[in-house]
Amino acid sequence: MATKAKNLVIVESPAKAKTLATFLGDDYEIKSSFGHIRDLPKKKTGVDVEKNFEPTYEISVGKENVAAELRKAAKGREVWLASDEDREGEAIAWHVCILLGLDPAKTKRIVFHEITKSAITEAVAKPRTVDMKLVDAQQARRILDRLVGYELSPVLWKKVRTGLSAGRVQSVAVRLIVEREREIKAFKASSKFEIVGQFEAKGQQFSAKLPEKLSDQEGAKAWLESAKPATYKVASVDEKPGSRSPGAPFTTSALQQEAARRLGYSVRQTMVLAQRLYENGHITYMRTDSPILSDLAVNAAKDYILKNFGDKYLEARQFKAKGSSAQEAHEAIRPTNLNKLSTGDDKAQQRLYELIWQRTLASQMAPASVLKTDLKVAISTREEQLVASGEVLTFDGYLRVYGGGKDDKLLPKVAVGDELQLVEMLATETYDRAQARYSEASLVRKLEELGIGRPSTYAPTIGVIQDRGYVEKKDVEGEVVKTAQLVLKGGTITEDQLDTTIGADRSKLIPTDLAGIVTDFLIKYFPPIMDYEFTARVEEELDDIAEGKLKWQQALKEFYDQFHPLIDIGEKASRQEATQARELGKDPKTGEPIIVRFARFGPVLQLGPSPDPKDKDAPKPHFAPMPAGVSQDEVTLEQALPMFDLPRTVGKTEDGEEILASIGRFGPYVQVGKVYVSLKEQEPLTVTEAEARVLIAEKKKQIAEREIADFGKLKVLNGRYGPYVTDGKKNAKIPKDTDPKSLDEKAAQKLLDDAPDKPRRFRRRTVK
DNA sequence: CAGTGAGCGAGCTTCCGCTTGACTT
């Protein structure tokens, strides 16, 4: 064992500690703080607003061991604080000082942006001390977020539903999604007719279209009629060169977008894979807002490009960070060794690594050159001209490594005045598209653009807004519409009907009714928090604090004096208003009002007024489920009335048992005794006895096949993941080497006892 | 991702930003 090192260097990440150890000698021991080690308490606000916003910090939950280790390692050592050079990193350095009982004004603080021998020796040669102004900016940020989150959320618990949350970042993220969905709903898809001519020249076919679409079918037909006797000539041919440049090296959000687009990874998946690559030393740090490459990396890219592609392909350049909120404590995400073309523990990691490799190398390569051709076609019977455009890649440049370029679109080599043969002329009805819904990755891009959130929080934020029930990631079916197509061919016009799907969407973020209700409530009562510019203004103030132009307590006071009175006002709002209770009309039978409102489990229909809680004898209202696929703000009296007939008696089974149909938490179903079958094709109000009998019989057959053994309370069943034991509450998997049929009750019980108690879910749902 | 089908009465819930962890579905 070597003698105890004289110095202790503390960094944020254990992977960084490992790399650093290879550069610093035996005089230095390197330890990691694993990010923040102290924070405001979890159970209470921990900020004394009366006492100038004095915070109370505690060792973060789960960090007790880290804190103890750091204390032990620091004894009798010179401590060097080497956390990241940004607001959070500076605060970590300060918290470490406090934890270790060191004086922040005297303890050595060093920073480096890249882990190289020279960067490290340079840093060690001239240490500074903790910058308290930067620390104060972090404290202001932390306390503001705490006050907003912990004062706002309880208002939602009282007014809308328990367990909800609101915050500077998540509430704006939800707002973006809610507003986009409303724009899409309000969008009226209108159709127009697009004219496209298919021509032939020099043995090659190409298409040319009319720049202006026609507004209706009559117009389209008249247009084609007028083109019947026409001849076609080349009116002009324009060739001009163009170029396309490579994108910047990856920041976190750019990596998330490209991995989603090219590899189909979720934002979370991308981060997990990148983390592994980072821990194994294959890539630089994956949470960064900077597209800047170190000199080392630029030189490595230059060498690689020269050696493998030649100097025609080289164009070294540096990119600038987008947005003013970038802190640039790290460099761009890049391979640590560009000569390694592929690496990673599995296929998924390899594909992500290769994407990063390609993007990094491409960023230092020459633009691609293209030759664009614009060809105009004159029509003898009309004034307008049809337009065709071609594009041919003349030099691949960076596209050689970072593909995704368009395919060449070739036009025949024709000259002005050349005759063109019409193959056919199409007039096709097309629909305008509404704005695109947000995907995980495009939401991250929007948040980054607004300066809201940080690289380390993008993925978790997307998780939180789903966990809270504000947003669901799903496919949208779209609707099939009939579109018309007119075809002029061989001098005659024919009419076709095509089936076209419009409004379909895959794997997009869709807001729930809850999201709309919470967003409307927050916008009405807490407009500053929901303002897209809010974070930008906060950032400016934090910069002022960091530069010593503003005291952090002063900044917080100004914010809080404006914010806190809003809480008092919001508290006075009625639940009726907050949950957007709405009277749809009166029940024709009883004359009682029918109300839709947002209850504990979502939107619900109510017949009769809510009773006064003090009046114990008041009649209770009737409740009914919402019709499937209808949202709270759309539902009508006509849709609501039949729902009160649920559960409906459909008929009887062959054995005389009653069949019921209704809508539950998981959608429409039919039921006989304890057997439930979800309805997919039919509706609970119209499903027939015969249909229900078939469904029930199928389900019963499935249940019978599912049952391997029945010990009364314990059952051995065949599930989708193989055989398992259940007591109705808890399930236990049966090991592969055990024949499920051979289990007796005792063995089954043992399996169940041995199984872990709570099936730990990665992501918890708020719905209990 | 196994089955599930209620309707504001306990307890508790919540923020954003740093960092990884442990094994279960």
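Order of the sequence lines sets the chain letters (A, B, ...), proteins ahead of strands, with each chain counted from 1.
Side-chain atoms of A:R161 and base atoms of B:dC8 include no donor and acceptor less than 3.5 Å apart.
Counting non-hydrogen atoms under 4.0 angstrom, A:G35 reaches a base of the nucleic acid. Residue A:V604 is in base contact, counting any heavy-atom pair closer than 4.0 Å across all strands shown.
Per the geometry, CD belonging to A:Q138 stands 10 Å off C1' belonging to B:dC16, to the nearest Å. In this structure, A:D467 atom CG and B:dT14 atom P are separated by 10 Å, rounded to whole Å. Atom-to-atom, CD1 of A:I567 to P of B:dC15 comes out at 14 Å; the value is rounded to the nearest Å.
Taking atom C1' on both nucleotides, B:dG3 is separated from B:dC23 by 24 Å, rounded to a whole Å.
Each of A:S678 and A:E279 was matched to the nucleotide of DNA chain B holding its nearest heavy atom; the match closer to the 5' end belongs to A:S678. Mapping A:L147 and A:Y285 onto DNA chain B via the closest heavy atom, the residue that lands nearer the 5' end is A:L147.
Checked against B:dC8, B:dT14, B:dG17, the side chain of A:R168 finds its nearest nucleotide in B:dG17. Here B:dC15 is the nucleotide among B:dG17, B:dC15, B:dT20 with the atom lying nearest to any side-chain atom of A:R468. Candidate nucleotides B:dT20, B:dC16, B:dG5 were compared by shortest atom distance to the side chain of A:Y676, and B:dG5 ranks first. Ranking B:dG17, B:dC8, B:dT14 by closeness to the A:V169 side chain, first place goes to B:dG17. In the set B:dC18, B:dG17, B:dC8, B:dG17 carries the atom at the smallest distance from any side-chain atom of A:R141. The side chain of A:S153 has B:dC15 as its nearest neighbour among B:dG5, B:dC8, B:dC15. Nearest to the side-chain atoms of A:K63 among the listed nucleotides B:dT14, B:dG17, B:dT19 stands B:dT19.
A cation-pi arrangement is absent between A:R468 and A:Y470, since the terminal nitrogen or guanidinium carbon is not both under 6.0 Å from the aromatic centre and inside a 45° cone about the axis.
Per the stacking criterion (ring centres < 5.5 Å, plane angle < 30°), A:Y150 does not stack onto the base of B:dC15.
A salt bridge links A:D39 with A:R142; the closest basic N to acidic carboxylate O contact falls under 4.0 Å.
Between A:Y57 and A:H95, the distance from one ring center to the other falls under 6.0 angstrom.
Side-chain N or O atoms of A:R597 include none that pairs as donor or acceptor with a backbone N or O of A:R575 at under 3.5 Å.
Contact annotation: A:Q606 side-chain N/O to B:dG7 OP1/OP2 distance is not under 4.0 Å. One finds no side-chain N or O of A:S13 lying less than 4.0 angstrom from the OP1 or OP2 phosphate oxygen of B:dT19.
The closest side-chain heavy-atom distance from A:E571 to A:Y525 is not below 4.5 Å.
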